[in-house]
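For reference, the structure is listed below as structure tokens.
Letters A, B, ... are given to chains in the order of the sequence lines, protein chains preceding strands, and every chain is numbered from 1. Both backbone and side-chain heavy atoms feed into the values below; hydrogens, waters and symmetry mates do not.
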Number of protein chains: 2
Amino acid sequence: MNKQEQIQATALRLFVADGFHGTPTAKIAAEAGVANGTLFYHYKTKEDLVVALYNRIKDEHADNLQAIISRDDFITTKFKNIFIHSVNWALNNRDKFYYIQQFNSSPHLAQVSAETLEQHTIGYAGFIAEGVKKKLLKQQPVGLIIAIFNGHVYGLYQYLTSAKFEPEEQEKIINEAYEMLWDTMKYM
Amino acid sequence: MNKQEQIQATALRLFVADGFHGTPTAKIAAEAGVANGTLFYHYKTKEDLVVALYNRIKDEHADNLQAIISRDDFITTKFKNIFIHSVNWALNNRDKFYYIQQFNSSPHLAQVSAETLEQHTIGYAGFIAEGVKKKLLKQQPVGLIIAIFNGHVYGLYQYLTSAKFEPEEQEKIINEAYEMLWDTMKYM
DNA sequence: ATATTTATAGACTAATTAGTCTATAACCAA
DNA sequence: TTGGTTATAGACTAATTAGTCTATAAATAT
């Protein structure tokens, strides 16, 4: 892990624990085991670091999804796989998932261009449009379907992290939540 | 509007625009038209103000919902009314809705006791449990139903605020999103 | 080998800011 | 009225912190 990655990993941990505000750059540098000057050599400003971290996590998640989308499955199978994968990714990367929410609910979001944000959903849109066209999904705007899909993932995540569940129990809940989502989305 | 309310109203506006971090207490006081000392007289610390504002907004929303829940309607009617009201409240109080997300995605949340948080959903739980028992709603844990409900509201809000919609168009979308939610929630 | 660019270090500073302190003023109770 | 409590004001400070600056070291190119 190079210095840039060390800095980002430490920043993620501290931002999630103490917030953007509660995390001085000096602390990030110290805990990452680099000097203050090194941090500012790689990231022009603190804001730069905050945004770079966001973009890296988003890219990582988008790449995961893209891998699923490109698989040669039925649209309905893709749909399910993406849901299951999204929930599991969130559960297995809580810091990253939390950081995304934190960033999305902060003025930092304005620093990210609309194009960059769109880039991150670009994989989605195509196959959902196809699902709508083929009348596998409800006849609703793609944007609405994606938004409600994400809302469902978010809601389920909140529930699963509100208490401790055994792995099998958790898997069962995820599958049931998927059936509920499918009731929302399926054409008839 | 007394000084406390002035301070909270100004704090809400500034926190939403610039974040907790980006908003000095001195600026809040100045724009609220009160002296620095007055702010700290009413709120022991900045954190105090942040939390008090959160609790007030949550209470306000919970009271709204309680009014709907207490009405002598069928459970299914209540369910719909609560959804429609929640979405409209969010749309008509964007600052407040955004502030709640911002706070929920910040370390400040840890300052709010579990009981206080539960207090805010207490109205919900009863009639949803009833709906489950009477087999009007899916046979799932109340917590899961509430979480997915909130996720649906959140997703729809995201969609509706992602672009400009005419009032009638917006109302139509809300109703269609409600039908989608109902497909998720209804027993059969 | 030498020159140039890139990466790292850490001391330093200028600015910001949460919260304090002291002084009044408004209100209220006896 | 008088005495106490509550509310308001605004100057002040001690601490914090983002970012700079200078000096090297490592890597890369010529």
Item to complete: Round to a whole Å and report the spacing from NZ of K3(A) to C1' of dT8(C).
Response: 7 Å
Discussion item. Measure NE2/H21(A) against P/dT17(C) and give the value in whole Å, please.
Written reply: 10 Å
Worksheet item: Distance check: side-chain N/O of H42(B) vs OP1/OP2 of dT6(D), anything under 4.0 Å?
Response: no
Practice prompt. On DNA chain D, check which nucleotide each of T38(B) and E47(A) is closest to and give me the residue with the more 5' one.
Written response: T38(B)
Discussion item. Just the rounded figure in Å: distance from C1' of dT17(D) to CG of L39(A).
Written reply: 13 Å
Discussion item. Does atom CD (E171(B)) have a neighbourhood of more than 12 heavy atoms from anything else shown, all under 6.0 Å?
Written reply: no
Discussion item. Just to be sure I understand the rule, does K44(A) reach a base, reach only the sugar-phosphate, or reach nothing, if contact means heavy atoms closer than 4.0 Å?
Written reply: nothing
Worksheet item: Is E130(A) salt-bridged to K134(A), cutoff N-O under 4.0 Å?
Response: yes
Discussion item. What's the closest nucleotide to the side chain of N36(B) if the choices are dG19(D), dT20(C), dA9(D)?
Written reply: dT20(C)
Worksheet item: Which nucleotide in the list dT17(D), dA18(C), dT6(D) gets nearest to the side chain of P24(A)?
Response: dT17(D)
Item to complete: For Y43(B) and dA7(D), give me the distance from atom OH to atom C1', rounded to whole Å.
Response: 13 Å
Practice prompt. Could you tell me whether K138(B) and D183(A) make a salt bridge, using a distance below 4.0 angstrom between a side-chain N and a carboxylate O?
Written response: yes
Worksheet item: Side chains of Y54(B) and N104(B): is there a donor and an acceptor less than 3.5 Å apart?
Response: yes
Discussion item. At less than 4.0 Å, is any side-chain N or O atom of T25(B) found next to OP1 or OP2 of dT17(C)? Yes or no.
Written reply: no
Discussion item. Please report the distance, rounded to the nearest Å, between CD1 in I28(B) and P in dG19(C).
Written reply: 11 Å
Discussion item. Hydrophobic clustering (ILVMFWY, side-chain heavy atoms < 4.5 Å, transitive) - are W89(B) and L91(B) grouped together?
Written reply: yes
Worksheet item: Counting just side-chain N and O atoms, does K27(B) come under 4.0 Å of either OP1 or OP2 of dT17(C)?
Response: no
Worksheet item: Is any side-chain nitrogen or oxygen of Y41(B) closer than 4.0 Å to OP1 or OP2 of dT8(D)?
Response: no
Discussion item. Without decimals, in angstroms, what is the distance between L14(B) CG and dT17(C) C1'?
Written reply: 15 Å
Practice prompt. Measure from CG on D18(A) to P on dT17(D) and round the result to the nearest Å.
Written response: 11 Å
Worksheet item: Between D48(A) (CG) and dT20(D) (C1'), how many Å, whole number?
Response: 16 Å
Worksheet item: If each of G37(A) and G22(A) is mapped to the nucleotide of DNA chain D with the nearest heavy atom, which maps nearer the 5' terminus, i.e. the 5' end?
Response: G22(A)
Discussion item. If you only use heavy atoms from C-beta on, which nucleotide in dA18(D), dG19(C), dG10(C) is closest to the side chain of F40(A)?
Written reply: dA18(D)
